[in-house]
Protein chains: 2
Amino acid sequence: MSGDRQKPGNGAKKKAHQVVTSADVAREAGVSRSTVSRCMADDERISEATRKRVQETAAQLGYHVNKIASSMNRRKSDLIGLVTSGLTDPFRIEFLDCLISQIQQSGYRPLVIDVSDPDQMGISMLNLLQYQVAGVVVTSGSPSPEVGTHYLKRNVPVVLVNRAGRLEGADVINCDNVHGGELAADMLLKSGKKRLGFLNVRGGTYSGNVRGEAFVSRIAPRLADGEISFTSLVCDSADYDGGFHAGLKYLAGGENTPDAIFCAKDHIALGLMDAARFELGLTVPGDLAVIGFDDIAAARQGAYQLTTVRQRADQLAEMTVERLRRRIGGDDLGDERLVLPVEFIRRQTV
Amino acid sequence: MSGDRQKPGNGAKKKAHQVVTSADVAREAGVSRSTVSRCMADDERISEATRKRVQETAAQLGYHVNKIASSMNRRKSDLIGLVTSGLTDPFRIEFLDCLISQIQQSGYRPLVIDVSDPDQMGISMLNLLQYQVAGVVVTSGSPSPEVGTHYLKRNVPVVLVNRAGRLEGADVINCDNVHGGELAADMLLKSGKKRLGFLNVRGGTYSGNVRGEAFVSRIAPRLADGEISFTSLVCDSADYDGGFHAGLKYLAGGENTPDAIFCAKDHIALGLMDAARFELGLTVPGDLAVIGFDDIAAARQGAYQLTTVRQRADQLAEMTVERLRRRIGGDDLGDERLVLPVEFIRRQTV
DNA sequence: TTGTATGCGTTATCAT
DNA sequence: ATGATAACGCATACAA
């Protein structure tokens, strides 16, 4: 009845196996393993009756396809590597949240790799390859170009999100940092503030630098007129504490104290605001106007009501997964740079 | 020279393979695949010279062990399933952050499963089994008992974190919710506030309920004396917005308006505070004392300076991974309930 | 210390 | 529409 030939010579030998395999289902349902495989994959060309019977048998026996064995055979898993560095940056968390559910909904599984040490990034991406990942999303660090060849060789698509990215064969998705910087500039110019500043982490990040440069370019004419002044401000970390300490340092008073600061990202802006209000007794936007970037959840909260440039984490995730899926599906897309629109959100800090 | 027998009859046939396998390394280094396997695994009983030579050859050829094939052989992967629901709860994010790096440092990889629909949890945990995970950490939802048997049958250890959990064979780790609730109660009793409240999400969560019950038990004597009053308050979501709207609802004024509220978690407390201060013009702690639970990063920020009960995400993660590793290693631990100590952090909201 | 032989559970190919 | 068979790449028991 069972068509599969047993291993030669083991006749009735039958170990008390712990785990149910397709062979068990096949035997029980009176079909071949091939048929079981097809039924579990909802293959078109299987008869309705057989499929139903096999699937019922499978359920009864508690059979689940072994993805590892499946991946081995297909030389590709349904894992998607997610390269990130810690879960501390609010916007990245929101993005990852969207990304994870999108990936799941597409039938894939996220395999997270934390690269707190950027230098480690190359190794980590190579590690990912060990798992036969179907694709990789990089949300932190910049992979060395040589890593790219390893991925290209295996046709493993890579998407870089919000970074410079110079990886051949990979998609690079950014929000419109330039336009965002310009929007912030326009707002502050219109506000009547005179001593403008741009606050970013020391050394800068790719996104932050682009935003800052666009901001400066936009205010350049008025700067030349001498109508306003501009200062470049730096903090030691790209987070709340960084912004907080920068606030203490730059807002302590004096002639050139800025009265309007564009922050590279919301999280920094929140720290800055708190230092200004709670430590230095300044009013916002009275004494100090603040503009952020990202529109993270906290920016909307009553305590902050931060005016900011919104980039949509959900759209970013959607585009990421869409590109990935198309490439996994075999679409031969060239290297592309995709830009997502941003939106100015005026609240109460300017 | 090469000891491995080739497939019969394929002689010199050699396809232009894309991917480097142990056979390639073996051929190049003049050893067997077994030796390559042993060298890559740093097997003790391989000669120093051979290992060095093989590893160099491997590096040269760009060979990396195929974890999928390896997992297939060992019938166990080095993946650890992380069951969570979204990345919106700040404390859970901090916990996951610690957990992910701990898992990585232990040589495992986190496979994230998002179960936004709690009913889906059983299916998702079963899915995890398809990947031959070495272990599972559940940070959200409560798995149905029947799922447990599937895991037990395969000797896949499960750790439940901060939940009720009634899964046979699994570890359950909680912070000391009872003591935390008592600490909050003691503080509020000492503060001289008279109209106490406990704010939790409608329906409650396991942790929240325990905290609230401990809180009430502790204030019970004084309640009996009639010295103070107590109200149970509910919000619609266990987050900032939930706390915010609860604030608008319960603090609008009137005879019985609470003057001290213990919140089931920090995130709720933040929303409550903002509603009180920015929407209702109340002072904290003057008009309203607030105590949270968790000590998330935002609680330390200048805007809040929340008095709270701290549970340490890093310790929680450490213990989780340690238990998991021991069970994976074969230690036959019974069902255990582990409790992590909490600490009262007095800041400025009471 | 190293090599040989085998099987892990699945799917793709070819056959019927 | 379904069955037989051959890989997939590795690790391990057993030999030597």
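A note on names: the letters A, B, ... follow the listed sequences, proteins ahead of strands, and every chain is numbered from 1. These values consider heavy atoms only, across backbone and side chains, with no hydrogens, waters or symmetry-generated copies.
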Exercise for the section: For the pair B/Ser37 (side chain) and B/Arg33 (backbone), establish whether a donor and an acceptor sit closer than 3.5 Å, ignoring hydrogens and angles. Expected result: no
Rounded to the Å, how far apart are [X] [atom1] and [N] [atom2]?
{"X": "B/Arg33", "N": "C/dT2", "atom1": "CZ", "atom2": "P", "answer": "17 Å"}
{"X": "B/Met72", "N": "D/dA7", "atom1": "CE", "atom2": "P", "answer": "15 Å"}
{"X": "B/Asp43", "N": "C/dG3", "atom1": "CG", "atom2": "P", "answer": "13 Å"}
{"X": "A/Leu129", "N": "D/dG9", "atom1": "CG", "atom2": "P", "answer": "13 Å"}
{"X": "B/Arg38", "N": "C/dA5", "atom1": "CZ", "atom2": "C1'", "answer": "12 Å"}
{"X": "A/Lys52", "N": "D/dA1", "atom1": "NZ", "atom2": "P", "answer": "18 Å"}
{"X": "B/Arg27", "N": "C/dG3", "atom1": "CZ", "atom2": "P", "answer": "15 Å"}
{"X": "A/Arg75", "N": "D/dC8", "atom1": "CZ", "atom2": "C1'", "answer": "6 Å"}

Practice task
Counting heavy atoms from C-beta on, name the nucleotide in D/dT2, C/dT11, D/dC8 closest to the side chain of A/Arg45.
Solution key: D/dT2
Do NZ/NE/NH1/NH2 and the carboxylate oxygens of [X] and [Y] come within less than 4.0 Å?
{"X": "B/Arg109", "Y": "B/Asp78", "result": "no"}
{"X": "A/Arg327", "Y": "A/Asp171", "result": "yes"}
{"X": "A/Lys52", "Y": "A/Glu48", "result": "no"}
{"X": "A/Glu44", "Y": "A/Arg38", "result": "no"}

Exercise for the section: Mind checking B/Thr35 for me? I need base, sugar-phosphate or nothing, with any heavy atom below 4.0 Å counting as a touch. Expected result: sugar-phosphate
Problem - Touch class at under 4.0 angstrom, heavy-atom based, for A/Ser71 against every strand present - result: nothing
Practice task
List the atom of A/Met72, the atom of B/Ile68, and the distance in Å for their closest heavy-atom pair.
Solution key: N-CG2, 3.6 Å
Practice task
Taking all non-hydrogen atoms of both residues into account, name the closest pair between B/Thr84 and B/Gly86 and its distance.
Solution key: OG1-O, 3.6 Å
Completion exercise
Between B/Asn73 and A/Val36, the residue closer to the 5' end of DNA chain C by nearest nucleotide is B/Asn73
Problem - Five-pair end axes of the helix from C/dT1-D/dA16 to C/dT16-D/dA1, angle between them (10°) - result: 30°
Handout entry: Donor-acceptor pair between A/Gln132 and A/Arg154 side chains, under 3.5 angstrom
Key = yes
Problem - Validation row: A/Ile103, A/Val321 side chains within 4.5 angstrom (heavy atoms) - result: yes
Handout entry: Close side-chain approach of A/Leu338 to A/Val172, heavy-atom, < 4.5 Å
Key = no
Counting only side-chain nitrogens and oxygens, does [X] get under 4.0 Å of the OP1 or OP2 atom of [N]?
{"X": "A/Thr50", "N": "D/dT2", "value": "yes"}
{"X": "A/Ser34", "N": "D/dG3", "value": "no"}
{"X": "B/Ser32", "N": "C/dG3", "value": "yes"}
{"X": "A/Thr21", "N": "C/dG9", "value": "no"}
{"X": "B/Ser37", "N": "D/dA11", "value": "yes"}

Problem - C/dT10 base / A/Arg74 side chain donor-acceptor hit below 3.5 Å - result: no
Exercise for the section: Go through residues 53-69 of chain B and report each residue with a non-hydrogen atom lying under 4.0 Å from DNA chain C, sorted by number. Expected result: none
